[in-house]
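As structure tokens, the structure follows; a few thoughts come after it.
Worth saying up front: this structure is predicted, and the values here are computed from it rather than measured. Just so you know, these numbers use all the heavy atoms, side chains as well, and skip hydrogens, waters and symmetry mates.
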Amino acid sequence: MSVSKRDYYEVLGVSKGASKDEIKKAYRKLARKYHPDVNKEEGTDQKFKEVKEAYEVLSNDQKRQQYDQFGHAGPQSQGFGGGAQDFGGFGDIFDMFFGGGGRRDPNAPRQGNDLQYTMTLNFEEAIFGKETDIHIPKEETCSTCHGDGAKPGTTPKTCSHCNGSGQLNVEQNTPFGRVVNRRVCHHCQGTGKIITDKCSTCGGDGKVTKRKKIHVSIPAGIDDGQQIRVSGQGEPGVNGGPAGDLYVVIQVRTHEFYQRDGDNIYCEMPITFAQAALGDEIEVPTLHGKVKLKIPAGTQTGKTFRLKGKGAPNVRGYGQGDQHIKIRVITPQNLTERQKELLREFNDISGNQPTDEHEDSFFQRVKRAFKGE
């Protein structure tokens with residue numbers, strides 16, 4: 001039984017008229033989210049493959065045009081289904097005719113990998129923010145050899161096999177004729193350099209792993225699942241490229257009294273039967289201090305009051321949320337004989353029926369139901 005593929009635009013979460021920049025931005029976000037090295041949840045590897053496949057098609061003008069016209073059958077029918085490397089050296093044939101312009105120079109500067117760190121905050125810390133230091137293991141440029149991997153006093157030599165290019169040309173006979181394929185030089189692993197005397201500190205890698213302290217500013221109002229980017233605190237770049245970034249993913253502990261939805265805070269306040277019937281002024285705790293709240297006479301359980309501006313600050317600075325208080329009328333237990341006597345007297349005066357002064361109250365509708373009206 002064949003399984004239908006999801007629409008590539010749907011996979012990346014973009015519209016059919018999305019620009020290349022929008023497609024690239026969406027891909028980077030999803031690739032970071034589902035990358036197997038970052039997300040260990042079951043099934044994320046398949047999601048990562050799905051995102052990658054969608055990007056390979058939509059980021060290529062020709063493949064995208066075919067996909068828009070023919071759907072999933074378009075890219076596959078034209079030999080683009082699995083990428084150029086799946087077509088028996090198809091990418092190398094392009095290298096032969098077009099000078100290898102599509103190949104990345106192995107010696108070119110490249111940005112370092114991003115790192116991810118999970119930080120757990122309590123409820124109040126997420127509301128008000130904090131300044132804190134974290135310690136993470138991260139690769140840094142070796143201070144002994146300054147990143148070239150060679151023992152101090154020596155220098156790496158140019159690879160004699162690839163003449164420093166990091167690539168070797170290998171001839172192959174194919175159905176298209178004799179083709180020159182370009183491969184990464186296995187003598188220097190694509191670096192173009194050979195280290196004869198390796199640095200004793202890093203073993204020739206040019207990098208060492210250290211536990212580094214990084215200062216992080218947690219903005220007020222941050223919520224569970226959001227992340228903070230600390231620029232330049234990822235892994236060091238390659239061949240002089242810039243360092244990657246550090247992404248701090250926030251987890252917020254639940255609170256025993258408050259609940260949060262966006263910028264609003266929710267809680268329940270218990271009151272007695274007498275307070276609900278007669279009205280009262282009660283004291284309500286908020287994250288910003290205690291507040292007086294007037295309870296009108298006849299307040300029913302489930303009634304909600306709003307305290308404006310007593311919620312969480314918006315993490316992007318767009319105002320402040322509110323606090324919503326849901327009233328819960330508590331039925332008394334373990335009554336004394338005197339309390340029972342007074343309640344029986346109240347019940348007799350009320351005629352053994354619930355009372356509600358509203359013209360078309362819930363109880364009025366119940367009465368009409370009993371009468372068959």
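Within the 4.5 Å cutoff, no side-chain heavy atoms of I295 are placed close to those of Q275. K193 places none of its side-chain heavy atoms less than 4.5 Å from the side chain of K157. Inter-residue side-chain proximity for L343 and L335 is flagged as met; some heavy-atom pair is nearer than 4.5 Å. Within the 4.5 Å cutoff, no side-chain heavy atoms of Q62 are placed close to those of Y67. At a threshold of 4.5 Å between non-hydrogen side-chain atoms, the residues L121 and I250 count as touching. Put simply, the side chain of T201 does not reach to within 4.5 Å of the side chain of C145, judged on heavy atoms. Counting heavy atoms from C-beta on, the side chains of Y27 and S59 never come closer than 4.5 Å. No side-chain heavy atom of S200 sits under 4.5 Å from any side-chain heavy atom of T144.
N60 and Y55 share no side-chain donor-acceptor pair at under 3.5 Å. Between the side chains of T286 and Q323, no donor N or O sits under 3.5 Å from an acceptor N or O.
N122 contributes a side-chain N or O that, together with a main-chain N or O of E125, makes up a donor-acceptor pair within less than 3.5 Å. In this structure, R260 contributes its side chain and G262 its backbone to a donor-acceptor pair below 3.5 Å.
Taking a cutoff of 4.0 Å between a charged side-chain nitrogen and a carboxylate oxygen, D68 and K16 do not qualify as a salt bridge. A salt bridge does not link K294 with D280: every distance from a Lys NZ or Arg NE/NH1/NH2 to an Asp or Glu carboxylate oxygen is 4.0 Å or more.
With sequence neighbours excluded, no residue forms a salt bridge (charged side-chain N to carboxylate O under 4.0 Å, His left out) with R316. Shown here are the ring pair (Phe, Tyr, Trp, His ring centres under 6.0 Å) partners of Y266, two or more places apart in sequence or in another chain: H324. For T44, the side chain to side chain contact (heavy atoms under 4.5 Å, CB included) test picks out Y34, N39, E41, with sequence neighbours left out.
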Exercise. Take T141 and K207 through the test side chain to side chain contact (heavy atoms under 4.5 Å, CB included) and record every step on the way to the result.
Key: CA-CA 5 Å; T141 300; K207 299 176 183 178; 5.6 Å; no
Self-check item: Candidate pair C162 and Q167, rule side chain to side chain contact (heavy atoms under 4.5 Å, CB included), full reasoning
Solution: CA-CA 6 Å; C162 65; Q167 297 178 337; 5.8 Å; no
Quiz prompt | Residues V11, V51; criterion side chain to side chain contact (heavy atoms under 4.5 Å, CB included); working and verdict | solution = CA-CA 6 Å; V11 170; V51 168; 4.0 Å; yes
Quiz item: Can you list the steps and then say if E341 with R338 is a salt bridge (Lys or Arg N to Asp or Glu O under 4.0 Å)?
Solution: CA-CA 5 Å; E341 180 182 346; R338 176 58 178 160; 3.6 Å; yes
Exercise. Decide yes or no on salt bridge (Lys or Arg N to Asp or Glu O under 4.0 Å) for K20 and D61, but give the supporting numbers first.
Key: CA-CA 9 Å; K20 277 192 171 183; D61 290 339; 3.4 Å; yes
Exercise. Determine, step by step, whether T120 and V252 satisfy the side chain to side chain contact (heavy atoms under 4.5 Å, CB included) criterion, reporting the C-alpha distance in whole Å, the side-chain angles of both residues, the deciding distance to 0.1 Å, and the verdict.
Key: CA-CA 6 Å; T120 301; V252 182; over 6 Å; no
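Here the OG1-CD1 distance, from T272 to I330, works out to 9.5 Å after rounding to the nearest 0.5 Å. Once rounded to the nearest 0.5 Å, the distance linking OG1 of T209 with CD of E140 reads 9.0 Å. A distance of 10.0 Å separates OG in S19 from NZ in K25, rounded to the nearest 0.5 Å. For the atom pair CD of Q300 and CD1 of I327, the computed distance is 11.5 Å after rounding to the nearest 0.5 Å. The structure places CD1 of I349 at 14.0 Å from CZ of R344, a figure rounded to the nearest 0.5 Å. For the atom pair I271 CD1 and T299 OG1, the distance stands at 6.0 Å (nearest 0.5 Å).
A single hydrophobic cluster is not seen to contain both V184 and I195; linkage of ILVMFWY side chains at heavy-atom distances under 4.5 Å, directly or through other members, places them apart. Linking Ile, Leu, Val, Met, Phe, Trp and Tyr whenever their side-chain heavy atoms come within less than 4.5 Å leaves I222 and V249 in two separate clusters. Hydrophobic clustering of Ile, Leu, Val, Met, Phe, Trp and Tyr side chains at less than 4.5 Å, counting indirect connections, keeps L278 apart from I282. F273 and L342 are assigned to two separate hydrophobic clusters, defined by single-linkage of ILVMFWY side chains at heavy-atom distances under 4.5 Å.
Heavy-atom contacts from other residues, nucleotides or ligands closer than 6.0 Å to CD of E124 number more than 12. Within a 6.0 Å radius of CD in E281, other residues, nucleotides and ligands contribute more than 12 heavy atoms. With a 6.0 Å radius and a threshold of 12 heavy atoms from other residues, nucleotides or ligands, E268 has its CD atom above the threshold.
The shortest non-hydrogen separation linking T132 to M119 is CG2-CE, 3.8 Å. In this structure, G203 and K198 approach most closely via the heavy-atom pair O-CD, 3.4 Å. When all heavy atoms are compared, the tightest approach of Q233 to L115 is O-CD1, 4.0 Å. Listed here is the closest heavy atom pair of I265 and G311: CG1-CA, 3.6 Å. When all heavy atoms are compared, the tightest approach of R229 to D245 is NH1-OD2, 3.1 Å. In terms of heavy-atom proximity, C202 sits nearest to V208 at CB-CG1, 3.8 Å.
Listed by first then second residue, pairs satisfying ring-ring contact (aromatic ring centres under 6.0 Å, His included) with a partner in residues 111-145 read F123-H255, F128-H288, not counting sequence neighbours. Sorted by first and then second residue, the pairs that involve residues 303-314 and meet side-chain hydrogen bond (donor to acceptor under 3.5 Å, both in side chains), not counting sequence neighbours, are D263-N314, R306-D322.
Of the listed residues (L168, I194, N163), just one forms a side-chain contact (heavy atoms from CB on, under 4.5 Å) with C185, and that residue is L168. A side chain to side chain donor-acceptor pair (under 3.5 Å) with Y8 is found for exactly one of E53, E56, R64, namely E53.
Y247 belongs to no multi-residue hydrophobic cluster, having no ILVMFWY side-chain contact under 4.5 Å with any other such residue.
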